[in-house]
Student: 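I'd like to ask some things about the structure below.
Here is how names work: the chains are called A, B, and so on, in the same order as the sequence lines, proteins then strands, and each is numbered from 1. Fair warning: this is a prediction, and the values are worked out from it, not measured in the lab. Just so it is clear, the values below take in all heavy atoms, side chains as well, and ignore hydrogens, waters and symmetry mates.
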2 protein chains.
Amino acid sequence: MAATIRDVARLAGVSPSTVSRALSLPGMVNATTRARVAAAVEQLGYEPNRAARGLITGRTGTIGLVVPDLANPFFASLTKGVQARARHHDVAVFVADTDEDPAAEAGLVRALSKQVDGVVLCSPRASDEELAAIAQDTTVVLVNRTAVGLPGVAYDNEDGMRQAVAHLVALGHRRIAWVGGPATSWSTQHRGFGLRNAVEALRAELAPVGNFAPTYEGGMAAADQVVATGATAVVAYNDLVAIGLLARLHSRGISVPGDLSVVGVDDIAMSRMARPALTTVRLPKQEAGRIAVELLLAMLDDPDSAAEGPKHGELHGELIVRDSTGPAPQK
Amino acid sequence: MAATIRDVARLAGVSPSTVSRALSLPGMVNATTRARVAAAVEQLGYEPNRAARGLITGRTGTIGLVVPDLANPFFASLTKGVQARARHHDVAVFVADTDEDPAAEAGLVRALSKQVDGVVLCSPRASDEELAAIAQDTTVVLVNRTAVGLPGVAYDNEDGMRQAVAHLVALGHRRIAWVGGPATSWSTQHRGFGLRNAVEALRAELAPVGNFAPTYEGGMAAADQVVATGATAVVAYNDLVAIGLLARLHSRGISVPGDLSVVGVDDIAMSRMARPALTTVRLPKQEAGRIAVELLLAMLDDPDSAAEGPKHGELHGELIVRDSTGPAPQK
DNA sequence: GATGAGTCTGCAATCGGTTGCAGTTTGTGT
DNA sequence: ACACAAACTGCAACCGATTGCAGACTCATC
């Protein structure tokens, strides 16, 4: 059995209260007794029982993370960031995966909320209202999106799209296709908006081809429609979609970047390995997880400041140019 | 504030003990009072506080999962499986990522062990002795490997390699190269062993080219050595390595499968998207996570049976033939 | 030497449940 | 009608910590 605070107290010849204080409020106890306690702690390898502490303090030292799909490399990186940062603060992370089922989110968060101090929620599809309802149960920080009234960390999609378009326009492209992700996805909306602005500012033209699943298959499905637009370049919702495009274009004998330039978003590991290697807007994924944790812990430590209004984090993407973009073909 | 057992008791007009029993030992309480309690629970939305329960029962209802790298799709899938199965049993999962640092494992498990009932440990590199030491702290189930004296779930690597070799030999290959992963990795050892046996049984010849990092870069680094062996086919430690091979072979102008056939192991999502699509031994990754959880929970529910000797799970791979393997070239 | 302030330390209550034991009720057999 | 067992239910202790409050001690000051 693990040592309890009483064991330590007995060994050090003091009361449990003193041990407790020696550990959490060192200033309140005499240096010599503090040393005796420290020695006893050391000797017994004592570590406070978190459940017992949580019972009285109301804090569990644990946060939750809810993501749509752990097998998606984007969310895996996010999780890695959350996890690393949490450990740095000596906070444990419950990870839950909704299996891309937005309906499961509310229930999951509710179940988690009893066991954690707060949750980092990655919910690209839920509406603002649904999120607000979820946030009733516990302290929530959104990640990879924003919603009115809730704290969150998101990417500046407008800026990322501007970089992509500037790159393509500089290469001589004038007509740019856009393969959107799920219509309800926050990122789809913001990227589409950013593209329209950027394209307009640079006197180019946007050819949206609709909404597709944010997957390899989605990209395969979109490819022929992209070709039909007559665009010389295409921006895909994310890298998985872009890689799907690449595959279908290849099998149709369309050269990338000779006939068509392709740009993705995310910069997942796979993008570097694609053929041709994918030009993409790199999003700092782990960083988003880290910041979300910082935001959450800050809110928990200081609920007053949290009440003043939701805090936000904003992250910027960076265009990584590889081999899937090149000069527009001379017609 | 959340409702406590006392609130429920008051509303139902019974004592807290009765409420507790009505929920956990329904047989012990009268049907009508049980109904009254149930109604009160419903009305208040009561859920027992796990920390409080854990304090007295000694069970936290939580397990830990330690993996080398969440961003590696193999481990991500594993995590997904663990997580799904645990939720099915209403058990929460702490996920921790060692960032490929085997030295961190022991510390992590020790830290986790105070907060969980047991841990699923994925530690490909640690020695049997190190694992035994770690298992002192808490109930441990290994995954993706075995070690004497410890329960675990692992793949039948010999069988997987046999399938791969049989496929290659049927295609006319006689000299098969083998790109190993980290020398200390359990899977490297078992796959190498399985290959030697299979090759011998089928009167072919094995050309090992040494040990490489289990990554895309590792595969790139191994490619030229593979070519130098004069083999007409190569089995790679895993899919990432195989995809690295593909990339380097492509840039050297070596045709796959025309000049050289390539086989991977794992069947990660990326393999289907590689060019050519990768022939690989598919390992049921989520299944491994699920079984590990079942094993762990069974040990926790019935410590006696656990003492009888470690239980093991064994999973089989399945050869998925795609486009990276073909008939051996006529010399 | 008594007084008062200041520092430490310990007592005991508390968090929200679970469970051994004893008491109450109900039902059965005679 | 009575004894006795069976079936429920409640009391109170307990899990391992934290913390308000009060007591004990030290030390300086008058």
Student: Are the side chains of A:Asp128 and A:Arg145 in touch, meaning some heavy atoms are under 4.5 Å apart?
Tutor: yes

Student: Side-chain donor or acceptor of A:Arg6 under 3.5 Å from a matching atom on the base of D:dG16?
Tutor: yes

Student: Please report the end-to-end axis angle for the helix from C:dG1-D:dC30 to C:dT30-D:dA1, five pairs per end, rounded to 10 degrees.
Tutor: 60°

Student: Under the 3.5 angstrom rule, does the side chain of B:Arg290 hit a backbone N or O of B:Arg85 as a donor-acceptor pair?
Tutor: no

Student: Any N or O donor-acceptor pair linking the side chain of A:Ser17 to the base of C:dC11 at under 3.5 Å?
Tutor: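 Indeed there is one.
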
Student: What nucleic acid atoms does B:Val19 come within less than 4.0 Å of, heavy atoms only: base, sugar-phosphate, or nothing?
Tutor: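 The answer is nothing, as B:Val19 stays clear of every strand by at least 4.0 Å.
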
Student: Using a cut-off of 4.0 Å on non-hydrogen atoms, how would the nucleic acid contact of A:Thr4 be classed: base, sugar-phosphate, or nothing?
Tutor: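 Sugar-phosphate only.
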
Student: With respect to the side chain of A:Arg53, which nucleotide from D:dT18, C:dG17, C:dC11 is positioned closest?
Tutor: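 The answer is D:dT18, which lies nearest to the side chain.
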
Student: Whether B:Thr18 contacts D:dT9 is assessed here as follows: a side-chain N or O lying under 4.0 Å from the phosphate OP1 or OP2. Is that the case?
Tutor: no

Student: Which of residues 32-50 of chain B sit near DNA chain D, with a heavy atom under 4.0 Å from it?
Tutor: B:Thr33

Student: If you take all heavy atoms of B:Ile5 and B:Pro16, which pair is closest and at what distance?
Tutor: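 Where B:Ile5 meets B:Pro16 most closely, the heavy atoms are CD1-O, 3.6 Å.
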
Student: Tell me: CZ of A:Arg21 to P of C:dT7, nearest whole Å?
Tutor: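 Between P of C:dT7 and CZ of A:Arg21: 15 Å.
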
Student: To the nearest Å, give me how far apart CG (B:Leu23) and C1' (C:dG16) are.
Tutor: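 It works out to 13 Å between those atoms.
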
Student: Without decimals, in angstroms, what is the distance between A:Ile56 CD1 and C:dA12 C1'?
Tutor: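 After rounding, the gap between these two atoms is 11 Å.
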
Student: Rounded to whole angstroms, how far apart are NZ on B:Lys114 and P on D:dG16?
Tutor: 13 Å

Student: For B:Met28 and D:dT9, give me the distance from atom CE to atom P, rounded to whole Å.
Tutor: 9 Å

Student: To the nearest angstrom, how far is B:Leu55 atom CG from C:dT18 atom C1'?
Tutor: 10 Å

Student: Answer yes or no: is there a side-chain heavy-atom contact under 4.5 Å between B:Leu44 and B:Leu11?
Tutor: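 With C-beta onward as the side chain, the pair touches.
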
Student: Determine whether a donor-acceptor pair (N or O, by modelled atom type, separation under 3.5 Å) exists between the side chain of B:Arg36 and the backbone of B:Ala12.
Tutor: yes

Student: Treating B:Asp117 as the side-chain partner and B:Gly61 as the backbone partner, does any N or O pair qualify as donor plus acceptor under 3.5 Å?
Tutor: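 Here the side-chain-to-backbone pair exists.
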
Student: Tell me the interatomic distance from B:Ile5, atom CD1, to D:dT9, atom C1', rounded to whole angstroms.
Tutor: 14 Å

Student: Whole angstrom is fine here: how far is it from CG in B:Leu25 over to P in D:dT9?
Tutor: 13 Å

Student: Is there a donor-acceptor pair closer than 3.5 Å between any side-chain N or O of A:Arg50 and the backbone N or O of B:Lys114?
Tutor: no

Student: Quick one: list whatever passes salt bridge (charged side-chain N to carboxylate O under 4.0 Å, His left out) with B:Arg125, sequence neighbours left out.
Tutor: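 Salt bridge (charged side-chain N to carboxylate O under 4.0 Å, His left out) check on B:Arg125 returns B:Glu100.
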
Student: Can you list the steps and then say if B:Asn72 with B:Ile268 is a side-chain contact (heavy atoms from CB on, under 4.5 Å)?
Tutor: CA-CA 9 Å; B:Asn72 179 325; B:Ile268 57 180; 5.5 Å; no

